[in-house]
2 protein chains.
Amino acid sequence: MVDKRDEAETDIIPPGMLALDQQLCFAVYSAAHALNRTYKPLLDPYGLTYPQYIALMTLWEGDGRTVKALGAKLGLDSGTLSPLLKRLEAAGYIMRARDKADERQVLVTLTDKGRAMQRDAVAIRMEIGKATGCTLEALQALTGDLQAMTERLEAGAARDDAA
Amino acid sequence: MVDKRDEAETDIIPPGMLALDQQLCFAVYSAAHALNRTYKPLLDPYGLTYPQYIALMTLWEGDGRTVKALGAKLGLDSGTLSPLLKRLEAAGYIMRARDKADERQVLVTLTDKGRAMQRDAVAIRMEIGKATGCTLEALQALTGDLQAMTERLEAGAARDDAA
DNA sequence: CAAAATCATATTGCGCGCAATTTAATTTTA
DNA sequence: TAAAATTAAATTGCGCGCAATATGATTTTG
């Protein structure tokens, strides 16, 4: 396939690649919005937003975490989590209390309502999976690819911070 | 591979699938944040946010669009775009003017500064592509998969609206 | 042990993103 | 053609998401 068009292709490929990587960013951006819009009608009956829902999911995997530990799992800082957790507490899903051993920390624990929500989450997850229209294998592959890319992006950001 | 464990696997696979689809949503959510964080230091020197940047990109592909046309391309409504476009105008990247032929519409056009930004965007796109650590083929595949999933999610939302 | 540094969380300010509403212009239809 | 319906933008209110800052609590270190 190496022919006299090679020279032209070195001119053509870069713009193509540039357009594509633009599309990847936008594809991720659009997919995130589409997923959020799919979750909304499923979470609205519970008065929950998607970020609140994933905060609950983190607690289902381990109750009694600090705000910092939750933030590490979710990739969010206290500026986002503090008000979010206050709303979850006001809605009766969690409780917050200063750690007696270290008063700087706030321990977040599930209420009965917060634990009960985990059962309803099963149906929500099924709905979302169905809405994606993906096979289990496709979901696994997509998830893995995205996680790998995210790790590389975060590693790059960490390197830039060090520099 | 069909053996006496089949029965157990029908119990095991659903939770596995449920956990995975959760991870897909979160993987998309995390990737969107990671991409946004990667863009931020590249766009900050221009005083642009990522949503503002993709609005400009849309205009580079066709100037003089209405707010509604921009919204259709980006998947955003006037509640998001109106203030965003005002900020882009205040920053000198675009101009907004009511359409003489239909005063309901606002036509958005690029300024010289807005057009000049397109040249700097080439370097930004290269940086992002490098930061993802993906090959061109991997970027294409990921983008295509995400676009296909997003289309299915949006089709489902449209069906739900009709119902 | 006291001052300084560090740490965890909360707060403030700003820009999305979206639902709901408002305003003004255009089109439909009666 | 006048009233009703539709349309395009803008506005309001609320919840993220993040940078910058503030407030206490704990640890370090001099």
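In what follows, every chain begins at residue 1, and chains take the letters A, B, ... in the order their sequences are listed. The shown structure was predicted, so the numbers you read here are calculated from the model rather than taken from an experiment.
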Q) Can a side chain N or O of A:Q52 be found less than 4.0 Å away from OP1 or OP2 on D:dG15? A) no

Q. Can any side-chain N or O of B:S30 pair as donor or acceptor with the backbone N or O of B:A27 at less than 3.5 Å?
A. no

Q.
Looking at B:T80, is its backbone amide N or carbonyl O close enough to the side chain of B:D77 to form a donor-acceptor pair, meaning the two atoms are under 3.5 Å apart?
A. yes

Q: Would you kindly compare B:D102 and A:T66 by the position of their nearest DNA chain C nucleotide and give the one closer to the 5′ end?
A: A:T66

Q.
To check you understand the geometry: which heavy-atom pair defines the closest contact between B:L153 and A:A34, and what is its length?
A. CD1-CB, 3.9 Å

(Q) Among D:dA8, C:dA19, C:dT11, which nucleotide has an atom closest to any side-chain atom of A:K86? (A) C:dT11

Q) For C:dA10, does OP1 or OP2 lie under 4.0 Å from any side-chain N or O of A:R96? A) yes

Q.
Closer than 3.5 angstrom, by distance alone: can the side chain of B:T38 be matched with the main-chain N or O of B:I128 as a donor-acceptor pair?
A. no

Q.
With a 4.0 Å cutoff (strictly under), does any side-chain N or O of A:R87 reach OP1 or OP2 of D:dC16?
A. yes

Q) So, are B:E103 and B:R98 salt-bridged, with charged N and O less than 4.0 Å apart? A) no

Q: Among the candidates D:dT7, D:dA9, D:dC16, find the nucleotide nearest to the side-chain atoms of A:T49.
A: D:dC16

Q. How is A:N36 classified with respect to the nucleic acid when contacts are heavy atoms under 4.0 Å: base, sugar-phosphate, or nothing?
A. nothing

Q.
With the threshold set at under 4.0 Å for non-hydrogen atoms, list the residues of residues 69-82 of chain B touching DNA chain C in residue-number order.
A. B:G75, B:L76, B:D77, B:G79, B:T80

Q.
Closest approach to the side chain of B:R37, judged atom by atom: which nucleotide of D:dT11, C:dA10, D:dC18 is it?
A. D:dC18

**Q.** Proximal nucleotide (of D:dG17, C:dT9, D:dA9) relative to the B:Y29 side chain
**A.** D:dG17

Q: Indicate yes or no for a side-chain donor-acceptor contact from B:Q52 to the backbone of B:L84 under 3.5 Å, with no hydrogens or angles considered.
A: no

Q | Under 3.5 Å: donor-acceptor pair, side chain of A:Q118, backbone of A:W60 | A | no

Q.
Return whichever of B:K40 or A:P83 has its heavy-atom-nearest nucleotide of DNA chain D closer to the 5' end.
A. A:P83

Q: Looking only at side-chain atoms of A:H33, point me to the closest of C:dG17, C:dT9, D:dT11.
A: C:dG17

Q) Nearest to the side chain of B:V106, which nucleotide is it out of C:dC16, D:dA10, D:dA25? A) D:dA10

Q: Please report, rounded to the nearest Å, how far the C1' atom of D:dC16 is from the OH atom of A:Y53.
A: 18 Å

